Amino acid sequence: MSEQLLKLEPPFRNTEPYDPETRERLDRDAKDILARYPQPRSALLPMLHLVQSVDGFVTGRGIDFCAETLGITPAQVTGVATFYTQYKREPVGDYHVGVCINTLCAVMGGDQIWNELSEHLGVGHDESTEDGKVSLERIECNAACDFAPVMTVNWEFFDNMTPEKAKRLVDDLRAGKQVLPSRGPNRLCTWKEASRVLAGFDDGLAHEGVQAGAESLRGLELARERGWTAPSADTGAAAPDEPVRAEEITDPPPNEPGKPIGGDVKPGSQEGRNQ
């Protein structure tokens, strides 16, 4: 094995056991999480957020703790931790900044915000500044297109951003200034605090601030102005027998392996080529 490979750090650094006080606190919180689920392994997602709230990212000892508590293997925990992007494998800044670069945000300036912000901080995707204050992530969608371009800080929204506003935001965060999200609580939590909330522990801030902006409510306002209503549910219809048969939910029925697909298909579609 080459000398260069020997110098590589192992994945999920920090495999030292938790100190007794931290372990006691984790055990207590894990007990609360497990009580919410009928099967222990179903608690894995919030458990990963829990260890992330302690270490700042998913560490080797965090993986071992989850596996031991849930009665599964470290490999099974690792498979989940490496699949979802909210679980980090490297240390994250106190303020994790996400820049949406998906279609609408990109068209509205998201790509430019990302390029200028990355250059301004000197870090790239999932990298942190040297002072550990800020980390950056390219987000595929923040689910807030009506406020594009959008950024998040520890998953709180910052709407209608520009490169100048973005750079001022991260500078204020690094300087320790109070920064409030466009919509949400009256205090911006840290990355570890946000991870604890995602683990299912209430921080008491859920109902603070603006919950839905004017842009999000515009459709509802138009519906009320014009008297639009949703179709009423057919509550008198008989429920289907169980189990539902395939022919009741598909037309044509599911294709048998090796046989042509029945029914009409669109020209040039994959089904058409298969047929």
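Since the structure is predicted, the reported quantities are computational estimates derived from the model, not experimental observations.
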Residue pairs meeting ring pair (Phe, Tyr, Trp, His ring centres under 6.0 Å), one or both in residues 67-104, sequence neighbours left out, come to H49-Y87, H96-W191

Note: D126-K88 ion pair, threshold 4.0 Å (strictly below): yes

_Check this for me, if you would: do R218 and E221 make a salt bridge, where the nitrogen-to-carboxylate-oxygen distance has to be below 4.0 angstrom?_
yes

Around atom CD of E119, are there more than 12 heavy atoms from other residues, nucleotides or ligands closer than 6.0 Å? no

Handout entry: Co-membership, hydrophobic cluster, residues V77 and V54, 4.5 Å side-chain
Key = yes

Side chain to side chain donor-acceptor pair (under 3.5 Å) pairs touching residues 146-155, sequence neighbours excluded, are D146-S216

Applying salt bridge (charged side-chain N to carboxylate O under 4.0 Å, His left out) to K167 and not counting sequence neighbours gives E116

- prompt: Looking just at side-chain N and O atoms, do D27 and Y18 make a donor-acceptor pair shorter than 3.5 Å?
  reply: no

Applying salt bridge (charged side-chain N to carboxylate O under 4.0 Å, His left out) to E156 and not counting sequence neighbours gives none

Is it the case that one hydrophobic cluster holds both F157 and M161, taking links as side-chain heavy atoms less than 4.5 Å apart, direct or via other members? no

Those residues at least two apart in sequence (or on a different chain) that pass side-chain hydrogen bond (donor to acceptor under 3.5 Å, both in side chains) with E127 are none

Residues 178-191 vs salt bridge (charged side-chain N to carboxylate O under 4.0 Å, His left out), sequence neighbours excluded, gives D159-R183, R187-E193

With sequence neighbours left out, the residues meeting side-chain hydrogen bond (donor to acceptor under 3.5 Å, both in side chains) with R25 are none

Sorted by chain and number, sequence neighbours left out, side-chain hydrogen bond (donor to acceptor under 3.5 Å, both in side chains) with D171 holds for H120

For salt bridge (charged side-chain N to carboxylate O under 4.0 Å, His left out), just list the numbers for D94 and K192, CA-CA rounded to whole Å, side-chain angles, deciding distance to a tenth of an Å, and then say yes or no.
CA-CA 7 Å; D94 293 334; K192 290 183 178 181; over 6 Å; no

Applying side-chain hydrogen bond (donor to acceptor under 3.5 Å, both in side chains) to Q76 and not counting sequence neighbours gives T73

Residue pairs meeting side chain to side chain donor-acceptor pair (under 3.5 Å), one or both in residues 32-43, sequence neighbours left out, come to none

Taken in chain and number order and not counting sequence neighbours, the residues that satisfy salt bridge (charged side-chain N to carboxylate O under 4.0 Å, His left out) with K177 are D172

Residue set satisfying salt bridge (charged side-chain N to carboxylate O under 4.0 Å, His left out) with E16, at least two apart, ordered chain then number -> none

